[in-house]
J.: 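Sharing a structure, written as structure tokens. Questions coming.
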Amino acid sequence: RQMLLTMAAAAHPTTLEWLNNDFLLETMDWINVMTYDYCGSWAKFAGHHSPLFASSKMPADEVLSTEMTINYLTKRGLPANRLALGLPLYGRAFAVPEPYANTTTAPKPRRESANYQEIEQMHRGGKWVRKWDDETKNPWLISPDHNEIIGYDDSESIAIKTQWAEEQGLRGVFFWQIDADRLPNGTNPLQEAAHENLYRKSP
């Protein structure tokens, strides 16, 4: 049977610049671009870890986004149809009261990351509040005591990202990790949202 050779590539341009275009095009059927973990416990501010678009609240020296990564790769000559967009099924937390707050003196959060399974349960409990970031096209979850926030993706943001990937002519999307949005009722709402947008019927 036909065999495919793919690879996972980091999303930061300072890492991607070391990859050789000719080698990638000759050896790889496609590249899975890990467009997540742009921000986390290592950062000096509480940014969303998988923004589709950049936020005006990002520090000037830390402006990164999914859009910027894909544009960087295509402008340097990698065909869009050889790139797959990474969709995270988890979020990253910060022990600060609001998104984009300075984290240099903040304590460690109770959790550095959480799968969508856990995030959905926290939201459904009614105490954690969802806040939409219209610049990055991602949601945040704010703790009841306003001492912790989680940047994550839900069905709405996944649908937007999937549609964007299709509009850019990308090969498709992939997930990390595959069981992280598996809910007790047997559904995978984030993967299902991506599937519905990729295979939606034209009106």
Side-chain angles (χ1 to χ4, degrees), residues 2-43 47-55 58 61-92 112-116 133 135-139 150-181 188-200:
Q2 181 186 13
M3 304 294 285
L4 298 170
L5 185 61
T6 68
M7 68 172 285
H12 202 296
T14 57
T15 302
L16 292 170
E17 68 181 358
W18 294 99
L19 299 179
N20 181 278
N21 274 23
D22 293 337
F23 174 80
L24 294 177
L25 292 173
E26 179 183 358
T27 59
M28 300 294 163
D29 288 287
W30 75 80
I31 302 162
N32 293 316
V33 188
M34 298 185 288
T35 43
Y36 37 78
D37 288 347
Y38 286 99
C39 204
S41 59
W42 56 88
H48 201 287
H49 86 104
S50 184
L52 177 54
F53 304 116
S55 169
M58 292 176 176
D61 59 341
E62 293 286 347
V63 179
L64 294 167
S65 70
T66 296
E67 177 190 45
M68 292 175 68
T69 295
I70 298 301
N71 284 346
Y72 168 79
L73 289 171
T74 55
K75 285 179 180 178
R76 59 176 266 181
L78 289 171
N81 63 5
R82 300 280 288 275
L83 304 173
L85 193 72
L87 302 178
L89 306 181
Y90 66 96
R92 289 205 170 271
E112 288 195 5
S113 64
N115 286 343
Y116 181 76
D133 188 330
E135 283 191 299
T136 66
K137 305 302 180 186
N138 299 100
I150 302 175
Y152 68 108
D153 277 283
D154 61 7
S155 296
E156 182 178 1
S157 63
I158 290 290
I160 292 172
K161 285 182 176 181
T162 303
Q163 184 175 350
W164 183 85
E166 190 174 24
E167 291 169 352
Q168 305 309 305
L170 302 188
R171 185 178 186 92
V173 300
F174 71 98
F175 307 93
W176 184 265
Q177 58 184 3
I178 200 69
D179 66 340
D181 71 330
N188 296 82
L190 305 195
Q191 294 177 66
E192 291 166 11
H195 183 273
E196 290 172 5
N197 275 269
L198 280 176
Y199 299 102
R200 64 187 182 278

J.: Side chain to side chain contact (heavy atoms under 4.5 Å, CB included) for Y38 and T69? Distances and angles first, verdict last.
T.: CA-CA 10 Å; Y38 286 99; T69 295; 2.7 Å; yes

J.: With the side chain counted from C-beta on, respond yes when F174 and W30 share a heavy-atom pair under 4.5 Å apart, and no when they do not.
T.: no

J.: After noting the C-alpha distance and the side-chain angles of E196 and T162, does the key distance pass the side chain to side chain contact (heavy atoms under 4.5 Å, CB included) rule?
T.: CA-CA 9 Å; E196 290 172 5; T162 303; over 6 Å; no

J.: List the steps and the verdict of side chain to side chain contact (heavy atoms under 4.5 Å, CB included) for L87 and L190.
T.: CA-CA 9 Å; L87 302 178; L190 305 195; over 6 Å; no

J.: Output the distance between atom CG (L78) and atom CE (M28), rounded to the nearest 0.5 Å.
T.: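 Going from CG on L78 over to CE on M28, the span is 11.5 Å.
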
J.: So, the side chain of T66 versus the backbone of P51: is there a donor-acceptor pair under 3.5 Å, distance only?
T.: yes

J.: Could you tell me the separation between the OG atom of S55 and the CG atom of D133, rounded to the nearest 0.5 Å?
T.: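 These two atoms lie 5.5 Å from each other.
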
J.: Could you measure the distance from the CD1 atom of I158 to the CG atom of N138? Nearest 0.5 Å is fine.
T.: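 Going from the CD1 atom of I158 to the CG atom of N138 covers 8.5 Å.
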
J.: Write down the atom of A193, the atom of S155, and the distance for their closest heavy-atom approach.
T.: CB-O, 3.7 Å

J.: Does W42 have more than 12 heavy atoms from other residues, nucleotides or ligands lying within 6.0 Å of its CH2?
T.: yes

J.: Between CG of L85 and CG of L170, what distance do you get to the nearest 0.5 Å?
T.: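 So the gap between those two atoms works out to 6.0 Å.
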
J.: To check you understand the geometry: which heavy-atom pair defines the closest contact between L19 and M7, and what is its length?
T.: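 Scanning both residues, the minimum pair turns out to be CD1-CE, 4.4 Å.
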
J.: Work out which heavy atom in N81 is nearest to a heavy atom in R171; give both atom names and the distance.
T.: O-CB, 3.3 Å

J.: Ignoring hydrogens and angles, tell me if any N or O in the side chain of H49 forms a donor-acceptor pair with the backbone of Y90 under 3.5 Å.
T.: yes

J.: For the residue pair P139 and H48, what are the closest heavy atoms and their distance?
T.: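 Answer, listing the atom of P139 first, then H48: O-NE2, 3.4 Å.
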
J.: Are the side chains of I70 and W164 in contact, using a 4.5 Å heavy-atom criterion?
T.: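 Yes, close enough: below the 4.5 Å cut-off.
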
J.: Sub-3.5 Å donor-acceptor pair from the side chain of N32 to the main-chain atoms of T6, do we have one?
T.: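 Not a single qualifying donor-acceptor pair exists.
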
J.: Test your reading of the model: is there a side-chain donor-acceptor pair from R92 to the backbone of I150, 3.5 Å cut-off?
T.: no

J.: Can you tell me if D154 uses its side chain to pair, donor with acceptor, with the backbone of S157 under 3.5 Å?
T.: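 Looks like yes, one N/O pair under 3.5 Å.
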
J.: Side chains of D181 and Q191: any donor to acceptor distance under 3.5 Å?
T.: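 There is such a pair between these side chains.
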
J.: Looking only at heavy atoms, what is the nearest atom pair of T74 and N71, with distance?
T.: OG1-O, 3.2 Å

J.: Rounded to the nearest 0.5 Å, how far apart are CE of M58 and CD of E135?
T.: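 Between atom CE of M58 and atom CD of E135 there are 8.5 Å.
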
J.: Determine the minimum heavy-atom distance between L16 and A11, stating which atoms define it.
T.: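 Closest approach of L16 to A11: CD1-O, 3.7 Å.
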
J.: Hey, mind stepping through M68 and V63 against side chain to side chain contact (heavy atoms under 4.5 Å, CB included) and telling me if it holds?
T.: CA-CA 9 Å; M68 292 175 68; V63 179; 4.0 Å; yes

J.: Distance alone, cut at 3.5 Å: any donor-acceptor contact between the side chains of K161 and T35?
T.: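 Not at all, the side chains of K161 and T35 share no donor-acceptor pair under 3.5 Å.
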
J.: Between N188 and Y116, is there a side-chain donor-acceptor contact under 3.5 Å, judged purely by atom types and distance?
T.: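 Short answer, no.
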
J.: Is any side-chain heavy atom of N21 closer than 4.5 Å to one of R76?
T.: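 They are in contact (side-chain heavy atoms under 4.5 Å apart), so the answer is yes.
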
J.: I need the N20 CG to L25 CG distance, nearest 0.5 Å.
T.: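 Nearest 0.5 Å value for the CG-CG distance: 9.0 Å.
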
J.: Kindly check if the number of other-residue, nucleotide or ligand heavy atoms within 6.0 Å of CD (E167) is above 12?
T.: yes

